[in-house]
Amino acid sequence: MRIVLLGPPGAGKGTQAEFICHHYGIPKISTGDMLRAAVAAHTPIGQKMKKIMEEGRLASDDLIIDLVKERLTAPDCKPGYLFDGFPRTVPQANAMEALKMGLDVVIELTVPDEVLISRLSGRRIHLNSGRVYHVQFNPPKIDNRDDETGEPLIHREDDYEETIRKRLQVYHQQTEPLIHWFKERALFHPYFQISGEDSLESIQQKIMDILKNIRPKG
Ligand code: AP5
């Protein structure tokens, strides 16, 4: 199964991705997680990306396309994968299409901007795994600790209101055109839009209902 989850920052892509990937035994390819890991490890890419991410701007298309191409060569991608946060621009989508990977389905989560701001302000993440929590809507079992490892959670540098607003602006300008791009290709990979405003469980169920009717291209 090869899946793209599309939607604005805070729509719940990472949260739902975790469940889907666990269910299907496929890796989550989150370009955001990959870049945050590079920042934490102080790699040359990380040093370049730190300020860009803190300001809510996007990485260059070339950098992202190279990262994704390399990631797809890993053996765990053989049974499929889920893209979370990629593609994010039309050039990235064109590059993905050129790889002829045989995408199976695109699912868009829609959530209004004001709800996104409250979600992102309360989000906490486990840096090493990318597991996502919310202080109110999806709290960890122990305050500020990851459920699986017990390690401390972090408040992302880009999850403060001014940067969240910038990220939403970037989403509307640069990523939203992909909705039209994918819909134009719905013959090749079906496109579903679901509200990301319901409960976590209800969204999970809707996604499962979609995926159980998808026949992977193989
Ligand atoms: P990235 O990490 O991809 O961030 P994003 O797309 O902005 O998405 P988020 O991770 O913020 O949100 P999400 O939809 O995953 O929501 P989540 O599940 O966490 O990118 C970060 C940066 O990296 C970018 O700004 C850019 O600089 C760079 N970058 C990454 N990819 C790039 C690319 N391809 N090209 C260029 N640059 C790139 O949920 C949010 C919160 O809401 C959580 O607290 C969660 O618990 C809660 N929540 C989730 N669902 C619900 C619900 N149904 N009800 C209530 N609360 C909920």
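Just so you know, ligand 1 is whichever comes first in the structure, and atom 1 is the first atom listed for that ligand. All of these numbers come straight from a predicted model, not from anything done at the bench.
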Peer 1: Under a 4.0 Å N-O cut-off, is there an ion pair linking Arg165 with Asp113?
Peer 2: no

Peer 1: Just by distance, with hydrogens left out, do Asp158 and Thr163 show a side-chain donor and acceptor under 3.5 Å apart?
Peer 2: no

Peer 1: Does a side-chain N-to-carboxylate-O contact under 4.0 Å join Glu157 and Lys50?
Peer 2: no

Peer 1: Geometry only, no angles: is Gln16 polar-contacting ligand 1 at N/O separations under 3.5 Å?
Peer 2: no

Peer 1: Going from OG on Ser199 to CD on Gln204, what distance comes out if it is rounded to the nearest 0.5 angstrom?
Peer 2: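 CD of Gln204 is found 9.0 Å from OG of Ser199.
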
Peer 1: Identify, for atom 24 (C) of ligand 1, the protein heavy atom at the shortest distance, and state residue, atom and that distance.
Peer 2: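 Minimum-distance protein heavy atom for atom 24 (C) of ligand 1 reads Arg88 NH2, 3.6 Å.
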
Peer 1: Quick one about Tyr160 and His155 (side-chain donor to acceptor, distance below 3.5 Å, no hydrogens or angles considered), yes or no?
Peer 2: yes

Peer 1: Which residue and atom name correspond to the protein heavy atom nearest atom 12 (O) of ligand 1, and how close is it?
Peer 2: Gly10 N, 2.8 Å

Peer 1: How close do Pro139 and Val135 get, counting heavy atoms only, and between which atoms?
Peer 2: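 That closest heavy-atom pairing would be CB-O, 3.7 Å.
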
Peer 1: Which pair of non-hydrogen atoms, one from Gly25 and one from Pro79, has the smallest distance, and what is that distance?
Peer 2: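 Gly25 and Pro79 have their closest heavy atoms at O-CG, 4.2 Å.
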
Peer 1: Please identify which atoms of ligand 1 are closer than 4.0 Å to at least one heavy atom of Gly196.
Peer 2: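 What qualifies from ligand 1 is 53 (N).
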
Peer 1: State the CE-NZ distance between Met101 and Lys217, to the nearest 0.5 angstrom.
Peer 2: 11.0 Å

Peer 1: Determine whether the side chain, the backbone, both or neither of Thr15 has a heavy atom under 4.0 Å from any heavy atom of ligand 1.
Peer 2: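 Both backbone and side chain.
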
Peer 1: Which residue owns the protein heavy atom closest to atom 27 (O) of ligand 1, what's the atom, and how far is it?
Peer 2: Arg57 O, 2.5 Å

Peer 1: Any Lys/Arg nitrogen of Asp33 or Arg131 sitting under 4.0 Å from an Asp/Glu carboxylate oxygen of the other?
Peer 2: no

Peer 1: Under 4.0 Å, heavy atoms only, figure out whether ligand 1 is touched by the backbone of Tyr171, its side chain, both or neither.
Peer 2: neither

Peer 1: Looking only at protein heavy atoms, identify the closest one to atom 54 (N) of ligand 1 and say how far it is in Å.
Peer 2: Arg119 NH2, 3.4 Å

Peer 1: Side chain of Arg2, backbone of Leu103: donor and acceptor closer than 3.5 Å?
Peer 2: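 No, because the side chain of Arg2 does not come within donor-acceptor range (under 3.5 Å) of the backbone of Leu103.
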
Peer 1: As an exercise, identify every atom of ligand 1 less than 4.0 angstrom from a heavy atom of Ile203.
Peer 2: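 Going through ligand 1 atom by atom, the ones under 4.0 Å from Ile203 are 53 (N).
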
Peer 1: Would you mind checking which non-hydrogen protein atom is closest to atom 15 (O) of ligand 1, with the distance to 0.1 Å?
Peer 2: Gly14 N, 2.8 Å

Peer 1: Could you establish whether Ile52 and ligand 1 come within less than 4.0 Å of each other, counting only heavy atoms on the residue side?
Peer 2: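 In this structure, Ile52 fails to qualify as a contact of ligand 1 - no heavy atom is under 4.0 Å.
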
Peer 1: List the closest protein heavy-atom neighbour of atom 37 (N) of ligand 1: residue, atom name, distance to the nearest 0.1 Å.
Peer 2: Ala59 N, 3.0 Å

Peer 1: Indicate, as side chain, backbone, both or neither, the part of Leu109 found under 4.0 angstrom from ligand 1 when only non-hydrogen atoms are considered.
Peer 2: neither

Peer 1: Which bit of Pro8 gets closer than 4.0 Å to ligand 1, counting heavy atoms only: side chain, backbone, both or neither?
Peer 2: backbone

Peer 1: For Asp159 and Ile164, indicate whether the former's side chain and the latter's backbone hold a donor-acceptor pair under 3.5 Å.
Peer 2: no

Peer 1: Is Asp198 in contact with ligand 1, taking contact as a heavy-atom separation below 4.0 Å?
Peer 2: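 In this structure, Asp198 qualifies as a contact of ligand 1 - some heavy atom is under 4.0 Å.
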
Peer 1: Nearest 0.5 Å please: distance from the CD1 atom of Ile20 over to the CD1 atom of Ile3.
Peer 2: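 Interatomic distance, Ile20 CD1 to Ile3 CD1, rounded to 0.5 Å: 5.5 Å.
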
Peer 1: Identify which of Gln204, Arg156, Arg167 has a heavy atom lying nearest to atom 21 (C) of ligand 1.
Peer 2: Arg156

Peer 1: For ligand 1, which atoms, with element, lie under 4.0 Å from some heavy atom of Tyr133?
Peer 2: 43 (C), 44 (O), 46 (O)

Peer 1: Applying the 4.5 Å side-chain criterion to the ILVMFWY set and letting contacts propagate, would Phe182 and Leu211 be lumped into a single cluster?
Peer 2: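 In one cluster with Phe182: Leu211, no.
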
Peer 1: Report yes if Asp33 has an N/O atom closer than 3.5 Å to an N/O atom of ligand 1; otherwise report no.
Peer 2: no

Peer 1: Identify the protein heavy atom lying closest to atom 16 (O) of ligand 1, giving its residue, its atom name and the separation to 0.1 Å.
Peer 2: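 Going by distance alone, atom 16 (O) of ligand 1 is nearest to Gly12 N, 3.2 Å.
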
Peer 1: Look at the side chain of Glu70 and the backbone N and O of Asp66, then say whether any donor-acceptor pair between them is shorter than 3.5 Å.
Peer 2: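 Not at all, since once roles are kept as given, no pair shorter than 3.5 Å links the two residues.
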
Peer 1: Run the numbers for me: atoms of ligand 1, each under 4.0 Å from some heavy atom of Phe137, listed by number.
Peer 2: 55 (C), 56 (N)

Peer 1: For residues Leu120 and Leu153: do they belong to one hydrophobic cluster (side chain heavy atoms under 4.5 Å, members Ile, Leu, Val, Met, Phe, Trp, Tyr)?
Peer 2: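 No, no single cluster joins them.
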
Peer 1: Quick one: sort the Trp181 and His189 rings into parallel, tilted or perpendicular, breaks at 30° and 60°.
Peer 2: parallel

Peer 1: Could you tell me, atom by atom, which parts of ligand 1 come under 4.0 Å of a heavy atom of Asn138?
Peer 2: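 Reading through ligand 1 atom by atom, the close ones are 46 (O).
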
Peer 1: Side chain or backbone of Ile64 under 4.0 Å from ligand 1, or both, or neither, by non-hydrogen atoms?
Peer 2: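 Within the 4.0 Å criterion, Ile64 contacts ligand 1 through side-chain atoms alone.
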
Peer 1: What do you reckon, does Arg36 put a non-hydrogen atom under 4.0 Å from ligand 1?
Peer 2: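 Contact check Arg36 vs ligand 1: positive.
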
Peer 1: Taking distance alone, with no angle check, do Gly85 and ligand 1 share an N/O pair under 3.5 Å?
Peer 2: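 Min N/O separation from ligand 1 is below 3.5 Å for Gly85.
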
Peer 1: Decide whether an N or O pair under 3.5 Å exists between Gln92 and ligand 1.
Peer 2: yes

Peer 1: CG of Asp143: more than 12 outside heavy atoms within 6.0 angstrom?
Peer 2: no

Peer 1: Which is closest to atom 47 (C) of ligand 1 in terms of heavy atoms, Met49, Arg123, His134?
Peer 2: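 It is His134 whose heavy atom sits nearest to atom 47 (C) of ligand 1.
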
Peer 1: Once you restrict to heavy atoms under 4.0 Å, what part of Arg124 touches ligand 1? Side chain, backbone, both or neither.
Peer 2: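 No part of Arg124 comes within reach of ligand 1.
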
Peer 1: Short N/O distance, under 3.5 Å, between Ala11 and ligand 1?
Peer 2: yes

Peer 1: Just to confirm my output: which protein heavy-atom neighbour is closest to atom 8 (O) of ligand 1, and how far is it?
Peer 2: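 Ranking protein heavy atoms by distance from atom 8 (O) of ligand 1, first comes Lys13 NZ, 3.3 Å.
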
Peer 1: Which bit of Leu120 is near ligand 1, meaning a heavy atom under 4.0 Å away: side chain, backbone, both or neither?
Peer 2: side chain

